[in-house]
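For reference, the structure is listed below as structure tokens.
Sequence lines set the chain letters: A, B, ... in the order given, protein chains first and strands last, and positions in each chain run from 1.
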2 protein chains.
Amino acid sequence: MEKFKVTPWEVEGKVDYDKLVKEFGLKLINEGLKKRIVKHTKDLHFMLRRNIFFAHRDLDKVLNDYEKGKGFFLYTGRGPSGKMHLGHIIPFYFTKWLQQKFKVNVYIEITDDEKFLVKNQTWEEIKTYTMENILEIAAVGFDIKRTFIFRDSEYIANIYPLVLKVARKINFSLVKAVFGFKNSTNIGLIFYPAIQIIPTFFEKKRCLIPAAIDQDPYWRIQRDLAESFGYYKTAAIHSKFLMPLKGPTGKMSSSDPTSAIFLDDSEKDVERKIMKYAYSGGQPTIELHRKLGGNPEVDVSFQWLKYFFEPSDKKLKEIEEDYRSGKLLTGELKQILIEKIVKFLKEHSKRKEKAKDRIIEYMYEGKLARKMWEKQYE
Amino acid sequence: MEKFKVTPWEVEGKVDYDKLVKEFGLKLINEGLKKRIVKHTKDLHFMLRRNIFFAHRDLDKVLNDYEKGKGFFLYTGRGPSGKMHLGHIIPFYFTKWLQQKFKVNVYIEITDDEKFLVKNQTWEEIKTYTMENILEIAAVGFDIKRTFIFRDSEYIANIYPLVLKVARKINFSLVKAVFGFKNSTNIGLIFYPAIQIIPTFFEKKRCLIPAAIDQDPYWRIQRDLAESFGYYKTAAIHSKFLMPLKGPTGKMSSSDPTSAIFLDDSEKDVERKIMKYAYSGGQPTIELHRKLGGNPEVDVSFQWLKYFFEPSDKKLKEIEEDYRSGKLLTGELKQILIEKIVKFLKEHSKRKEKAKDRIIEYMYEGKLARKMWEKQYE
């Protein structure tokens with residue numbers, strides 16, 4: 001069996017999601033739960049239909065609360081240590097869908113502190129990426145009245161007493177066990193879990209966190225502590241990773257520019273990267289491909305279409321069958337993906353232009369943002 | 001040899017100051033240094049004359065900087081976990097003397113976060129003590145234009161990026177070695193040293209910290225890091241502890257009300273506590289005392305007069321000789337101290353009334369305070 005490793009900072013090897021679900025003590029999002037969701041959302045997001053968002057904690061309880069009129073809220077975030085790539089932005093689009101369908105507040109934490117502590121970058125670099133990343137997120141188009149985007153480094157004074165209360169309940173042994181911290185880990189990083197937990201306490205409702213599965217460890221500590229503070233154990237809805245450009249192991253990384261497509265990549269970049277690097281499930285020669293067909297399970301282009309870029313199940317099925325049968329060649333499949341990505345990036349980019357004026361609303365002056373700056377969490 | 005233990009949170013046993021000086025790598029304040037000080041201050045504070053403030057780091061360099069016109073600044077603080085007693089307030093009076101003589105800025109950190117993390121108190125309790133303690137400190141009469149009193153929990157956003165930079169350079173091994181932290185230590189406390197270091201970076205001048213010697217470990221980490229951040233290694237001037245009421249071991253503690261005299265104790269409280277609890281160096285009977293005399297070295301009343309309450313060296317010497325010879329009885333010596341303390345508390349209390357209006361200046365609206373709230377330390 002191949003080895004793999006998933007922590008909030010690293011994903012290595014080919015991820016065995018079933019094993020992770022068991023190991024982390026999660027539940028799969030089954031058909032019953034999907035039916036409950038669709039009752040409220042009318043349609044089901046294709047990322048749910050296709051089990052991209054595939055596992056959860058307490059999503060059933062979130063729906064109970066929603067059905068009883070108590071409601072819930074969404075919390076997600078971004079570590080601003082580099083430019084954002086497709087794998088980073090997709091969960092935000094999914095989160096926006098949840099917000100639209102359920103009309104709930106979304107809190108988006110920019111973990112500039114964590115990224116500074118974990119990477120070897122200067123604070124200036126982190127600040128630059130912070131503002132760039134916030135613009136990318138604003139481009140997604142969240143509901144201005146119901147969204148608060150905040151930087152840890154700026155909002156810290158509003159939450160610090162509550163951070164201290166949480167920190168007092170967590171000792172080194174615990175963060176060592178959960179995050180694999182060592183004696184050589186810096187004291188900022190050791191402290192950080194206390195900060196990341198706080199947004200789950202922003203409202204006295206259940207918090208739902210849409211995130212890649214590697215973020216799960218944070219929520220386990222939250223779930224052990226929350227009720228003793230009079231809050232709810234957070235719920236979570238976990239996604240798989242977008243397969244890296246070069247093949248079916250690990251996750252995309254900003255530090256290897258050929259492993260990902262960035263939101264500011266040009267049409268030519270996209271074409272070149274997909275053509276040159278996208279790992280193929282096809283056969284070595286056209287003749288063999290026509291004869292044996294390709295393997296969509298490991299083919300990055302197909303997997304990306306499935307993950308996000310081809311929302312139509314019907315079209316996706318055709319592509320899959322044509323590829324499997326050998327009718328569709330790798331080059332042709334890549335071309336389909338390139339067109340989709342180029343279109344997506346163009347539209348995202350247009351939204352980004354428009355979003356420039358909205359950043360101030362998301363961060364300071366929107367309805368929810370104003371309310372948050374007046375709050376002091378103790 | 002008696003065992004003793006000195007950490008920033010504990011003082012146990014009879015403190016061997018010479019050993020501490022060696023162990024911590026400090027220097028004694030010798031006659032040469034005193035002469036240099038007196039050149040600028042005209043007189044020498046009796047706490048320096050009597051070696052109450054007795055040890056230092058780089059005080060000579062502070063004086064060099066001062067003489068060259070570069071100047072320096074003072075940093076001290078208070079952990080607001082209880083009412084303040086005499087042992088807490090005395091260093092502030094000494095610090096005020098330094099400020100007056102050298103016309104320098106004083107930064108007074110209220111470490112509400114640390115105290116919350118280290119004690120088992122509620123945040124409400126800490127907040128209450130914080131405001132009470134700030135009033136006591138304001139009563140000391142610091143120069144409003146040159147003094148900034150701040151709560152960690154409130155000022156955190158202004159310093160947080162710099163805190164992160166410091167935190168990134170300190171790992172668990174180091175704080176374990178310096179502070180004796182364990183795997184069971186909470187992650188807030190583990191992180192805290194990064195915060196306490198920051199005020200030493202408030203100005204690009206040398207920082208001088210007047211404090212009891214038990215606070216020294218913090219500055220050792222600061223001194224290892226400061227220059228790599230473009231700041232100065234902090235200087236420090238260390239005092240001995242005010243002997244606890246009940247005898248010559250440990251330091252006064254807020255948690256044992258009979259071990260200390262509080263700033264809000266009544267005249268009767270003072271009289272009762274001194275009479276009942278003040279450890280005596282006298283003999284068991286008057287006859288024996290007249291014959292053998294008392295021992296001022298272990299006599300709390302005498303030691304308190306020496307430490308703070310009898311500024312006149314001449315009078316102190318008379319008292320010492322009379323006590324040693326048996327001419328002065330323990331009851332009489334106690335009476336001298338009671339009068340001094342009662343007078344001090346009355347005056348302090350009057351100053352407290354007047355200081356109520358000044359808190360807002362020290363914290364927010366004074367010249368230095370305003371400047372500090374506009375700053376962002378990165």
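A distance of 12.0 Å separates CG in A:L189 from CD1 in B:I190, rounded to the nearest 0.5 Å. If you take OH on B:Y192 and CG on A:L164, they are separated by 10.5 Å, rounding to the nearest 0.5 Å.
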Practice task
With side chain to side chain contact (heavy atoms under 4.5 Å, CB included) as the test, would you mind laying out the steps for B:I170 and A:N186 before giving the verdict?
Solution key: CA-CA 5 Å; B:I170 303 175; A:N186 76 59; over 6 Å; no

Exercise for the section: List the steps and the verdict of ring-ring contact (aromatic ring centres under 6.0 Å, His included) for A:F172 and B:F181. Expected result: CA-CA 9 Å; A:F172 186 64; B:F181 290 161; over 10 Å; no

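Residue A:F116 touches chain B through both its backbone and its side chain, counting heavy-atom pairs closer than 4.5 Å. Using a 4.5 Å cut-off between heavy atoms, A:I195 contacts chain B through its side chain alone, with no backbone atom that close. Residue A:K165 touches chain B through both its backbone and its side chain, counting heavy-atom pairs closer than 4.5 Å. Proximity to chain B (any heavy atom under 4.5 Å) is shown, for A:S153, by both the backbone and the side chain. Only the side chain of B:E124 comes within less than 4.5 Å of a heavy atom in chain A; its backbone stays farther off.
For B:I156 against A:A157, the heavy-atom pair with the smallest separation is CG2-CA, 3.7 Å.
Counting non-hydrogen atoms of other residues, nucleotides and ligands closer than 6.0 Å to NZ of B:K205 gives a total above 12. In this structure, B:K145 places its NZ atom where only 12 or fewer heavy-atom neighbours from other residues, nucleotides or ligands lie under 6.0 Å away. A 6.0 Å sphere centred on NZ of A:K182 holds no more than 12 heavy atoms belonging to other residues, nucleotides or ligands.
In this structure, A:R168 contributes its side chain and B:K119 its backbone to a donor-acceptor pair below 3.5 Å.
No side-chain heavy atom of A:N183 sits less than 4.5 Å from a side-chain heavy atom of B:N171.
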